[in-house]
Amino acid sequence: MSALAFFSSPLGWLRVEAGAQGLRLVRFAGVPSDEERGAGWRFVEEFFDFAEAYFAGSQNPYPGRLDLSAASSRQRRLWLQTMQIPYGRTLSYAALGKLLDMHPRSVGAGMRAAPLLLVIPAQRVIYADGGIGGFAGREGAKAWLLQFEKRNLRV
DNA sequence: CGCTCGCACATGG
DNA sequence: CCATGTGCGAGCG
C-alpha cells in the first residue's frame with residue numbers, strides 16, 4: 001500500500017499521493033477519505049511542509065523527491081521545464097514550447113495532464129496575450145494562485 | 001487599429 | 001480517432 005493524505009488549502013482539499021519512489025499526485029479533491037500511511041509516507045509529509053510554507057508565502061521551489069515514472073518522456077521534459085519558471089513569474093504556452101521545440105497546443109495538453117498541483121507550477125503558464133489560460137476547469141484557482149504569488153513578490 | 005474567425009499543429013486520453 | 005489549458009495571420013469595420 002502506498003501513501004495517501006488530504007491537505008486542507010485555501011483553495012479546498014488537495015489529494016496527495018506518494019509511493020516508495022516519491023511524490024506521485026497532488027490534485028483537487030472533493031471530500032477527503034481516510035489517509036493511508038503506506039510506502040512513501042515521508043514524501044507526503046514533505047509535501048505538507050511545502051504546501052504549508054507555500055500558502056504562508058514561501059517562494060521556494062519544491063525540494064522533495066518526485067515519482068514521474070507514469071509520465072511520457074515528453075511530459076517529463078515539459079514538467080521539469082515548467083518547474084524552472086521562477087515564483088510569481090509567467091511564461092506563455094508558446095514561449096515554454098519554444099524552449100522544448102513543442103507546439104503550443106501540445107504544451108497545453110501537457111499542462112492539463114500535469115499531476116502535481118503547486119509542485120509543477122502550471123498556473124504560471126498563460127496565454128501569449130496575457131490571458132489566464134485554462135486550468136483543468138478551475139481557472140478561478142489559477143487566477144487566485146497567480147494573484148497570491150504576485151502579492152507575495154511585493155512583500 | 002482592435003476584434004473575430006479559421007486553421008495548422010502535436011499530444012494525450 | 002478527436003478534443004484541446006494555443007498562436008497567428010487574414011479579413012473587416
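All values below come from the heavy atoms of this structure, side chains included, with hydrogens, waters and symmetry mates left out.
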Listed nucleotide nearest any side-chain atom of Ala113(A), set dG5(C), dG7(C), dG13(B): dG13(B)
Intra- and inter-strand pairs of DNA chain C in dot-bracket (Watson-Crick or G-U wobble, both distances under 3.5 Å; | for another strand): ||||.||||||||
Aromatic plane relationship, Phe50(A) with Tyr54(A) - under 30° parallel, 30 to 60° tilted, over 60° perpendicular: tilted
More than 12 heavy atoms from other groups under 6.0 Å of CG on Asp129(A): yes
Leu146(A) side chain near Ile132(A) side chain, heavy-atom distance below 4.5 Å: yes
Filtered N/O pairs between nucleotides 9-12 of chain C and protein, under 3.5 Å:
none

Separation of dG5(C) C1' from Leu78(A) CG (nearest whole Å): 11 Å
Length of the OH-P vector between Tyr127(A) and dT4(C), whole Å: 12 Å
Parallel, tilted or perpendicular: rings of Trp13(A) and Phe6(A) (30°, 60°): perpendicular
So which protein N/O to nucleotides 1-8 of chain B N/O distances come out below 3.5 Å?
| unit_1 | atom_1 | unit_2 | atom_2 | d |
| --- | --- | --- | --- | --- |
| dA8(B) | N6 | Arg105(A) | NH1 | 2.9 |

Salt bridge (Lys or Arg N to Asp or Glu O under 4.0 Å) contacts touching residues 28-46 of chain A (sequence neighbours left out): Glu35(A)-Arg37(A), Arg42(A)-Glu46(A)
Student check: side-chain heavy atoms of Phe135(A) and Leu145(A) closer than 4.5 Å: yes
Atom pair distance, as rounded to whole Å: CZ in Arg76(A) and C1' in dG12(B): 15 Å
Touch class at under 4.0 angstrom, heavy-atom based, for Glu139(A) against every strand present: nothing
Residues within residues 89-97 of chain A bordering DNA chain C, heavy-atom distance below 4.0 Å: Ser92(A), Tyr93(A), Ala94(A)
Spatial distance of atom CZ (Arg138(A)) from atom CG (Leu117(A)) [nearest 0.5 Å]: 9.0 Å
Whether Phe7(A) and Phe47(A) hold their rings parallel, tilted or perpendicular, with breakpoints at 30° and 60°: perpendicular
Heavy-atom side-chain proximity of Thr82(A) to Leu91(A) below 4.5 angstrom: no
Of all pairs that satisfy salt bridge (Lys or Arg N to Asp or Glu O under 4.0 Å), the ones with a partner from residues 113-124 of chain A, not counting sequence neighbours: Arg124(A)-Glu149(A)
